Structures are given as C-alpha cells and as structure tokens.
Amino acid sequence: MPNRREVIAGAVALPALGLGGQVGAAAPPILRAAPERVRLAPEDYPETEVWAYNGQVPGQTLRYEQGQVLEVRLENALPEQDSTIHWHGLRLPNEMDGVPGLTQAPVRPGEAFDYRFALRDAGTFWYHPHAHSVEQISRGLAGVLVVDEPEAARPDVDGDEVLVLDDWRMASDAVIREDFGAWHDMSHAGRLGNYVTVNARPEYRRKVARGERLRLRLVNTATARIFTLRFRGMRVWLAALDGMPLETPGEVEEVVIAPAQRTDLLVDLLAEPGEEALIASVERDGTYALAGFTVTGPGGVARDAPAALVPNDMPLLEPEGARAVPLVMEGGAMRGLPEGAIWRGNKMEMRALAEAGQFWAFNGMAGMGEAPLVDAFLGETIRIPMTNRTAFSHAMHLHGMHFREVMNDGSLGPWRDTLLVAPAEVREIAFVAETPGDWMFHCHMPSHQMSGMMNWIRVS
Ligand SMILES: [Cu+2]
C-alpha cells in the first residue's frame, strides 16, 4: 500500500530550494504543453494524439504543503496556439491567475511564463489553460494540484488518491474529433465526450483491505459532463467541496460533480473480502463503474465517522445588507435571445449573434464588456443572485475568491468556487472581495463560456 511519503515523492515540484527569488536561482519546474501520443482507448485501438503537460494526461499531480510557494514555468510548445495556466480555485495574486488579456499577456508558441505564488489554502485544486479552452482542455491539458495540510493536521487515512474524471470525444480510430467550435455544442449542453476516463484509463482500480479508509480527491476536468456518482460496498462522507473543508463531513449516497468542481470524499471500504466496492457513474443509458476496489480480508473493524478536515483561513462573510448585483442567464437552444444582446459594444439580433458564434448572454450582454459586471471595493461583500432562464445547467465559476451560497432562509452553504445552476433556478452567492484585481466570472462549460457566458469582476 503506497504511503503518503511515496505519493509525495512522486510529484515533480517540491520547491525545497531557491525560494528567495535570488538572481541565478535554478529554473523552476517546467510544465511543457505539447502534442503527445498516449494510450487512451483499449488495447485494440491505436494510441491517441493529445495535448499534454510533460507528456502526461492528466498532467502530473503537483503536490505541495500548505504555505509553500508554487513555482512552475509554463513552456508553450503547442502548434500555433497561445496558452496560459489558470490555477483553478486558488486564492492567489491576480497577476498569477492565468487569464490572457485580463491578468497576463498570452504565452505565445515557443514562449514561457513563470508562475510563482504562495499556497494559502490546503485542498484539492487543478490547473488548465485559459486560452482556447474548449480545444486545449478537450485535447488533454489539465492536471491536479494538491495542497496538503501540515503533517499534524492531516486526516487519519490509509491512502490519499486523486481521481480525475474526464471524457473524450473520439472517432472510431481513437482520434480526438476536432469539432471544438461546433455550434450545436455551444448552444446546447456543451462538448460532451463519448468516452469516459478516470486518470485517463477506462477505470480506476485498487486493492484494499476491508475497513480501510481512503481520502479520494475527485476532480471533474470534463468540459461539459456532469457526473452523478453512486457507491457500493463503501460508506462515503463528503469532506470538502472545491478544496474547502465542510464544517462536518456528511454521509452521502450520491455525489454530483459539475465541470471544474472537486469533491474530497472519505470512504470506508466495507465490501466483504473477495468482493468489489464500486464508484459508478449514472448516465442516461445505464450505470457504469468508474472505480473498483477489490477488498481483501480479514475484515477490519467499522470506524467512527471521520472528523472534519482542518478549515482554511476564510474571510468573515456577512451578506446581510451587502450590495446585490443580479445576474440573469439567457440564451441557448430552445430559449434563444429573442431580445438580442450586446456583443462587443453593438446591440445585435439573435441571428447575427449566432453567426458570430454567440448564443448566450449575462444581463443582455454576450461575452466580456468594457465595464465589469461588478466593480467592488477591496473588502466589500457582494451578493450575486443568479437566475437561469436557459434550458441548460451552468457551472458558474468565480476566479480568485471562494463564495458561499445564500440559502432562502439566510443560512450560508459551503465555500465553493464553482456552482451548478440548473434551469429555472435562482441561486444566490456571496463573497468578500478580498484580493485586488480583475477576476473572471464565467460558466465553466467552455463551449458556453466562449459563446457568451463570460464576464468579470473588478476589485480595487
Ligand atoms: Cu454553461
């Protein structure tokens, strides 16, 4: 059974040296984005050309301890496309957020960019490009960033595993389909794949002793697929969402993970010796195993419910009386934009918008405007009630800060960075504008993002 030290030793980027920023320090660890051939499909298919960080899909799991400084050099060796790295869910300085044209210049092919920031929060995060997102993420550019709690604060588990849930749209010869700009995907549920993987394999497998408790860090890197997971042969507690610990781990029978969301589970493997515990994905046409744990004997003792993970240092959030900036989501197939929308400063009718590849609007505007959706002062608390008037679900992601949902009774939901808003729902979030800069606020189904569902928030 791999212990935690071996897991850590497997990571590339332990910045033990050279943190002083001194001239002549060693170059930081590199993430090189480049084409690569890897085995995705079963053995009787050819290998697949993907775009990968350092030749791996998903990219290697970067692992640090809370408080350390992440230092990574992005090298763009992609053919003819700019790139960047967005550190999803991290509370970091704005200039490290990786949004081309908003927080940094695009990294051109053949160029590099150094990312360097302190890791304030422990938890499960991920990294991916924020340029040509549909294509670059769909081709394989995504990886997980785990920030461990200090040794004494880690949960008592027998293993700590990353499970990257993803899907791929491939032709029958295992070639990734290049229809990244398909209007049907943009105007419907996004670019759904036809081949689901866990850590780029058809299924995750592990042998466990009965009674083992594992921490499973589930990350949905798919661009559109919403995973609904069910479990067999295990007790499952939800311990953290989007990297942020829950006050009390709750036992669950089903978990929904929207694109870009993370879920930390604490699971006790309790299938009988010789049997298999399973995590399965509920799809329209059936339920499919994503992870199988072969349980060996002798039987372990059932344990007490797990304790909460140690919380991160979050700001005091008191939404009562705070300024509210409503967001109305419109457009897409079936509803359309009957009133038209503003795009690049021009009011346009739906047909002209569609011809420009724009299908969605926030508050009557497709895409980014000159002015931010919210202009907040540093430290201000902002509420955003979001009304989904479209026929599709949207995974709304705020950069740089985590928010809490404001429930109807005024109570606050867990800290998150990505919230799934279903059709006809009104869901309100509140956050403290705690870091200055220009921060994206967008749907994390990139097909929707690029076709209208993208705005930004200024904190100054
Ligand atoms: Cu969306």
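Computed from a predicted structure; not experimentally measured. Indexing begins at 1, ligand by ligand and atom by atom, following the structure's order.
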Is the count of non-hydrogen atoms from other residues, nucleotides or ligands lying under 6.0 Å from Glu253 atom CD greater than 12?
no
Salt-bridge contact Arg351-Glu349 (side-chain N to carboxylate O under 4.0 Å)
no
When Glu36, Glu49, Glu178 are each screened for salt bridge (charged side-chain N to carboxylate O under 4.0 Å, His left out) with Arg139, the one that passes is Glu178
Derivation of the side chain to side chain donor-acceptor pair (under 3.5 Å) call for Asp148 and Gln66
CA-CA 6 Å; Asp148 281 306; Gln66 188 173 16; over 6 Å; no
What protein N/O/S atoms lie closer than 2.8 Å to the Cu ion (ligand 1)?
His394 ND1, Cys443 SG, His448 ND1
So, Phe113 versus Tyr115, ring centres under 6.0 angstrom or not?
yes
Would Arg225 and Glu283 count as a salt bridge (charged side-chain N to carboxylate O under 4.0 Å, His left out) if you check the C-alpha gap in whole Å, the side-chain angles of each, and the deciding distance to 0.1 Å?
CA-CA 10 Å; Arg225 183 172 299 272; Glu283 303 286 345; 2.7 Å; yes
